[in-house]
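The structure appears right after this line, and notes come after that.
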Protein chains: 2
Amino acid sequence: MKNTKEKILIAASKLFLAGGLSALSVRAIARESNLSTIGIYKYFQGKQGILDALYIEGFERLLDALDVPINIHDPKGNIIAAAKGYIKTAFDYQGHYRLIFGEHVAEYVPSAEAKKVSEKAFMHTTKIIAGILPNDSTFEQKQQASLQIWSLIHGYIGLKQHAIADEIEPNLWEGLILAAVRLHLDALEQHSHT
Amino acid sequence: MKNTKEKILIAASKLFLAGGLSALSVRAIARESNLSTIGIYKYFQGKQGILDALYIEGFERLLDALDVPINIHDPKGNIIAAAKGYIKTAFDYQGHYRLIFGEHVAEYVPSAEAKKVSEKAFMHTTKIIAGILPNDSTFEQKQQASLQIWSLIHGYIGLKQHAIADEIEPNLWEGLILAAVRLHLDALEQHSHT
DNA sequence: ATTTAAAATATAACACTGTTATATTTTGTC
DNA sequence: GACAAAATATAACAGTGTTATATTTTAAAT
């Protein structure tokens, strides 16, 4: 027995997965859920709330992907496994990924709750990356290393959706990203032990 | 004596620089240029054409930034100089950068002409990066190296606009990006000479 | 069970969007 | 000056997110 809020969110998720943001008008959501648009305002405070729910939904998927089993003898393998999951999720849930990292279409401003999930992801990646750094590394050093790897992956994902991506075979991207990540991890490891 | 097309483009650029995409309705452009909206359709085939012109405008600024003087004795310096220019332009022209690399808001699809400018940039970065690779590197190897550096920078720029960016001082970003780029260049150089 | 009030929901209306249709003005040619 | 073509203004259309108003449903009180 689904209540109205759930019905609306299920309808929104379905539309979003199938057609991205442009499929997500309040009337489309209303039609898909066999309700009128008013519930969107009552339960989600408007369309921003719908986008927020989808943002959080997408980020939680990313977090799940980052939640790899930790093998303390193979820190690099942990990072690579997390990267693989992240990349796969980003590609499988493009709409969500774009919502999270796109430039806030239609003036969507993430809520405090949405930001909290972001911070959680950064903490998590920082922890995983710490595995290749010396034990006495500062939190800031760990954070910077994490940001470097994250930027590298995120940059590739962003460029994959760009016009220049036409010049590279679609099935090659994961391999290319992981190669670049491995190279950078080597460099980070080497650099931090000198 | 500006003709109608120029008037419209000047008005659009002004609005875009000041207020980004949300400031760029066809009626706002009409008001700013003291014309009606019809010229947008006659001269630009609609709003897509306006976005295209701004996309090309932004990309040409990026290209200019990449057009650094080449010192053949300091290939890394060349790359760093180009990276600095790219980063500065991306930060100074955020709206344009978002338009180029954002997920095509309002169903904006770049024209063939816009894509051509993108390819030009990729060729240019590939040429600059070649400076640190062995002379017998294949074009593909050069392209991959270029994509790695571009992804790293692009990723940082993208994450700067994200919620997690709140955790890092705004004026530190350029330094962080350049440090990561240097590290990766070192790694590329070392890796390609083994 | 009935009545009343509160809550939920539907529908209508608003101001905005990009676009096309129609009307009007301007420009160019003879 | 008359006429035609081109340019431009204005009106209208179907869509957007949102709020206002109307209606229905649910819950509480008697």
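Just so it is clear: chains get the letters A, B, ... in the order the sequence lines come, proteins before strands, and each one is counted from 1. Note: hydrogens, waters and symmetry copies are ignored here, and every other heavy atom, side chains too, is used. Bear in mind the structure is a predicted one, so any value in this text is a computation, not a measurement.
Think of the region where chain B sits on DNA chain D: with heavy atoms and a 4.0 Å cut, that region ends 5' and 3' at D:dA7 to D:dA12.
With hydrogens and angles left out, the side-chain atoms of A:Ser111 and A:Tyr55 include no donor and acceptor closer than 3.5 Å.
Taking B:Ala65 as the reference, B:Thr89 meet the side-chain contact (heavy atoms from CB on, under 4.5 Å) condition, with sequence neighbours excluded. In this structure A:Ser151 satisfies the side-chain hydrogen bond (donor to acceptor under 3.5 Å, both in side chains) test with no other residue, sequence neighbours excluded. Partners of A:Asp64 by salt bridge (charged side-chain N to carboxylate O under 4.0 Å, His left out), not counting sequence neighbours: none found. Listed by chain and residue number, B:Leu15, B:Ser25, B:Arg31 satisfy the side-chain contact (heavy atoms from CB on, under 4.5 Å) test with B:Ala28 (two or more places apart in sequence, or in another chain). Residues that satisfy the side-chain contact (heavy atoms from CB on, under 4.5 Å) test with A:Ala130, not counting sequence neighbours, are A:Lys142. Taking the side-chain hydrogen bond (donor to acceptor under 3.5 Å, both in side chains) definition, one finds that A:His96 meets it with A:Glu57, sequence neighbours left out. The side-chain contact (heavy atoms from CB on, under 4.5 Å) check on B:Ala30 picks up B:Thr37, with sequence neighbours excluded. Taking B:Lys5 as the reference, nothing meets the salt bridge (charged side-chain N to carboxylate O under 4.0 Å, His left out) condition, with sequence neighbours excluded.
Summarising the geometry, the separation between CG on B:Leu35 and P on C:dT26 is reported as 14 Å, rounded to the nearest angstrom.
Residue pairs meeting the salt bridge (charged side-chain N to carboxylate O under 4.0 Å, His left out) criterion with at least one partner in residues 73-93 of chain B, sequence neighbours excluded, are B:Lys76-B:Asp186, B:Lys76-B:Glu189, B:Lys88-B:Asp92.
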Detail all sub-3.5 Å separations between protein N/O atoms and N/O atoms belonging to nucleotides 13-19 of chain C.
{"from": "C:dT17", "atom 1": "OP1", "to": "B:Ser25", "atom 2": "OG", "distance (Å)": "3.1"}
{"from": "C:dG18", "atom 1": "OP1", "to": "B:Lys47", "atom 2": "NZ", "distance (Å)": "2.4"}
{"from": "C:dG18", "atom 1": "OP2", "to": "B:Val26", "atom 2": "N", "distance (Å)": "2.7"}
{"from": "C:dG18", "atom 1": "N7", "to": "B:Arg27", "atom 2": "NH1", "distance (Å)": "2.8"}
{"from": "C:dG18", "atom 1": "O6", "to": "B:Arg27", "atom 2": "NH2", "distance (Å)": "2.7"}
{"from": "C:dT19", "atom 1": "OP2", "to": "B:Tyr41", "atom 2": "OH", "distance (Å)": "3.4"}
{"from": "C:dT19", "atom 1": "OP2", "to": "B:Lys47", "atom 2": "N", "distance (Å)": "2.9"}

Given Watson-Crick and G-U pairs under 3.5 Å, DNA chain D in dot-bracket ([ ] crossing, | other strand) is ||||||||||||||||||||||||||||||
